[in-house]
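In what follows, a single structure is set out as structure tokens and then discussed.
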Amino acid sequence: TMLVYIFTDAKISAANLQKIVSRNIGGSFNAITVDSDTSTSDSLLVVATGRAGTEIRDLRSKLSKEFEAALSDVMLDLAKQVVRDGEGASKFIEVRVTGAESDVDAAKVAFAIANSPLVKTACAGEDANWGRVVAAVGKSGAKADRDLLKIGFGDMVLAEKGWRVPDYSEAAASAYMKNKELVISVDLGLGKAAKTVWTCDLTHRYIDINADYRS
Amino acid sequence: VAAAVKKAHDVSPLAPAAFPALPEIAGVSFAATAAGVRYAGRTDVMLASIAPGAAIAGAFTTSSTRSACVLDCQAKLAMTVPEGAGAAIIVNSGNANAFTGAQGQTSVDAVTGAVAEALAIPASRVFSSSTGVIGEPLPHERIVEAIGALKAGLAPAGIEAAARAIMTTDTFPKGATAEVATPDGPIRIAGIAKGSGMIAPNMA
């Protein structure tokens with residue numbers, strides 16, 4: 001379960017606060033996954049006490065934009081901390097998808113990778129297994145073309161144009177996978193839509209925790 | 001007590017170095033206590049008391065089997081705010097108050113009603129959440145009994161204790177802050193969260 005409570009002394013109406021919160025959910029709390037399971041209790045409440053001086057009335061104003069950016073930062077920070085505490089996690093993984101034909105497709109691909117047990121266990125095993133990423137893209141249901149697909153780990157491109165990049169360094173890729181924080185990037189080469197989501201690896205510890213703790 | 005308390009999990013290797021220094025937010029105070037909802041000897045209930053005049057927004061899981069607390073919060077956010085009313089948030093760990101039929105709303109009503117009475121605010125402005133085991137009736141009387149202690153402990157600086165009280169399999173409390181400079185002084189933001197498993201939110 002994810003529970004989030006954010007407090008601010010901003011002076012803003014409930015309607016405007018709700019608009020700001022709603023449009024920042026997609027890039028924060030709805031852009032994370034630990035185990036692809038959704039709780040029955042997930043809740044976010046944002047409370048603005050109105051004690052700070054200037055009222056935020058116009059959502060197009062500079063002050064409103066600055067407030068929204070700050071609130072968005074807090075939301076994303078908390079969302080990432082939830083992933084960092086993913087049960088049994090030893091790796092924090094950012095999945096960046098670009099070049100999708102639509103926003104929906106970009107999200108499908110990103111979450112197919114982020115929720116893939118095979119990708120997540122490869123990360124746990126420090127294996128730069130780009131083949132599992134190919135499989136996740138393929139199963140996602142999004143439009144994809146094998147021969148346009150580009151896959152990277154960190155700043156290394158491991159596969160493109162339907163093939164393994166012939167001269168990529170397996171030693172360098174393996175060394176990269178030892179980092180605690182990893183970036184998996186996929187360019188679909190079809191359009192301009194993009195989506196970034198965050199996940200963690202899947203380790204033996206996840207099973208230990210969920211076999212022990214009966215909640 | 002020691003025998004009843006499960007061994008704490010090691011802290012995640014991905015955890016931040018420390019809980020951040022969160023600013024006090026004028027108009028909010030916090031308290032946490034050990035009510036023994038599921039395990040003895042650990043804080044498991046937090047209360048936030050909110051002064052009149054606050055605006056509240058929310059987002060909740062769209063799960064079709066969402067809990068009584070979620071349904072109650074959604075209904076209350078849609079209501080007109082009574083003039084001059086304060087508000088409160090009460091959260092327990094240890095029991096999710098989910099999938100217990102009508103008993104779920106009975107527990108929500110008992111807890112939020114008791115908070116409303118203690119803080120002299122309308123029950124329609126008391127928002128509750130529960131996290132933990134699913135399918136067991138919430139022993140809400142333990143939370144109700146703890147409300148006096150929670151009220152007595154309310155303090156503007158209590159947000160970290162609140163973050164700790166809502167942990168379940170979490171290995172660290174989560175907090176974040178930001179500030180916006182304005183000519184009339186800063187706008188402060190402080191947030192807390194819990195979450196570690198069953199995480200693939202579909203909030204709206």
Side-chain angles (χ1 to χ4, degrees), chain A residues 1-10 12-14 17-18 21-22 25 29-30 32-54 63 66-67 70-71 73-75 77-78 81-82 84-87 89-90 92 115 180 200 209-210 213-215, chain B residues 12-15 25-28 48 50-51 53-61 63 65-67 69-70 73 89 91 96 98 127 129-134 166 168-172 174 176-180 182 184-185 187-203:
Chain A
T1 295
M2 182 182 73
L3 301 179
V4 186
Y5 305 97
I6 299 175
F7 303 89
T8 174
D9 52 11
I12 183 170
S13 70
L17 184 62
Q18 185 66 59
V21 168
S22 295
I25 287 284
F29 300 115
N30 280 356
I32 60 170
T33 179
V34 167
D35 49 18
S36 79
D37 269 322
T38 300
S39 166
T40 54
S41 300
D42 290 341
S43 300
L44 160 68
L45 287 172
V46 182
V47 177
T49 64
R51 301 297 181 92
T54 312
L63 175 59
E66 288 176 351
F67 172 71
L71 182 60
D73 284 349
V74 168
M75 291 169 69
D77 188 337
L78 292 171
Q81 287 189 53
V82 170
R84 288 178 178 280
D85 207 7
E87 289 169 339
S90 67
F92 178 79
N115 283 324
K180 281 186 180 176
C200 58
I209 292 167
N210 283 286
Y213 187 94
R214 300 196 180 275
S215 72
Chain B
S12 166
L14 306 172
I25 303 295
V28 192
I50 301 155
I56 303 179
F60 303 90
T61 177
S63 166
T65 55
R66 56 196 181 276
S67 70
C69 295
V70 171
C73 285
I89 298 170
V91 186
F127 301 90
S129 294
S130 297
T131 178
V133 68
I134 291 172
I166 61 176
T168 53
T169 58
D170 300 61
T171 68
F172 62 91
K174 297 155 189 75
T177 184
E179 194 171 286
V180 181
T182 83
D184 297 329
I187 294 173
R188 298 181 176 89
I189 305 171
I192 58 173
K194 71 85 53 194
S196 51
M198 201 179 275
I199 300 294
N202 57 2
M203 314 280 280

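No experiment lies behind these values; they were computed from the predicted model shown. Proteins come first, then strands; the chains are lettered A, B, ... in the order of their sequence lines, and each starts at number 1.
- With a 4.5 Å cut-off on non-hydrogen atoms, S13(A) touches chain B through its backbone but not through its side chain.
- Residue D35(A) touches chain B through both its backbone and its side chain, counting heavy-atom pairs closer than 4.5 Å.
- Looking at F127(B) and C73(B), their side chains come closer than 4.5 Å, going by heavy atoms from C-beta outward.
- When heavy atoms are compared at a cutoff of 4.5 Å, I25(B) approaches chain A solely by way of its side chain, counted from C-beta outward.
- If you tally non-hydrogen atom pairs under 4.5 Å between each of I6(A), V4(A), V82(A) and chain B, the highest count goes to V82(A).
- Using a 4.5 Å cut-off between heavy atoms, T177(B) contacts chain A through its backbone alone, with no side-chain atom that close.
- Between chain A and the residues A15(B), A59(B), G185(B), the most heavy-atom pairs under 4.5 angstrom are made by A59(B).
- Ranked by heavy-atom pairs under 4.5 Å with chain B, the list G50(A), S43(A), A70(A), G86(A) is led by S43(A).
- Residue I166(B) touches chain A through its side chain alone, counting heavy-atom pairs closer than 4.5 Å.
- Using a distance-only test at 3.5 Å, with no hydrogens or angles considered, a donor-acceptor pair links the side chain of T8(A) to the main chain of R188(B).
- For A98(B), the part sitting under 4.5 Å from any heavy atom of chain A is the side chain, from C-beta outward, and nothing else.
- Side-chain atoms of D9(A) do not come within 3.5 Å of backbone N or O of I187(B) as any donor-acceptor pair.
- Checked by atom type and distance alone, the side chain of T33(A) never pairs as donor or acceptor with a backbone atom of N115(A) at under 3.5 Å.
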Side-chain polar contacts of residues 193-203 of chain B - donor-acceptor pairs under 3.5 angstrom, sequence neighbours left out - could you list them?
unit_1: K194(B); atom_1: NZ; unit_2: T1(A); atom_2: O; d: 3.3
unit_1: K194(B); atom_1: NZ; unit_2: T168(B); atom_2: OG1; d: 2.7
unit_1: K194(B); atom_1: NZ; unit_2: D170(B); atom_2: OD1; d: 3.4
unit_1: S196(B); atom_1: OG; unit_2: T169(B); atom_2: OG1; d: 2.6
unit_1: S196(B); atom_1: OG; unit_2: D170(B); atom_2: N; d: 3.4
unit_1: N202(B); atom_1: OD1; unit_2: T61(B); atom_2: OG1; d: 2.9
unit_1: N202(B); atom_1: OD1; unit_2: T62(B); atom_2: N; d: 3.2
unit_1: N202(B); atom_1: ND2; unit_2: T62(B); atom_2: OG1; d: 3.2

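- Both the backbone and the side chain of V74(A) come within contact range of chain B, with heavy atoms under 4.5 Å apart.
- Proximity of T49(A) to F7(A): side-chain heavy atoms (C-beta onward) are nowhere separated by under 4.5 Å.
- The greatest number of non-hydrogen atom pairs below 4.5 Å with chain B, out of E87(A), M2(A), K180(A), is found for E87(A).
- Not a single donor-acceptor pair under 3.5 Å links the side chain of D42(A) to the backbone N or O of F60(B).
- Under the salt bridge (charged side-chain N to carboxylate O under 4.0 Å, His left out) criterion, no residue pair touches residues 43-52 of chain A, with sequence neighbours excluded.
- Taking G53(A), A52(A), S90(A) one by one and counting their heavy-atom pairs under 4.5 Å with chain B, the maximum is reached by S90(A).
- Y5(A) is not listed as a side-chain neighbour of V47(A), based on a closest heavy-atom distance of 4.5 Å or more.
- The contact between L71(A) and chain B is made by backbone and side chain atoms together, counting heavy-atom distances below 4.5 Å.
- The candidate from S63(B), S67(B), A48(B) with the greatest count of non-hydrogen atom pairs under 4.5 Å with chain A is S67(B).
- Although no hydrogens or angles enter the test, the distance criterion places a donor-acceptor pair under 3.5 Å between the side chain of Q18(A) and the main chain of G58(B).
- Heavy-atom pairs under 4.5 Å with chain B were tallied for V21(A), T54(A), I25(A), N30(A); the largest tally goes to N30(A).
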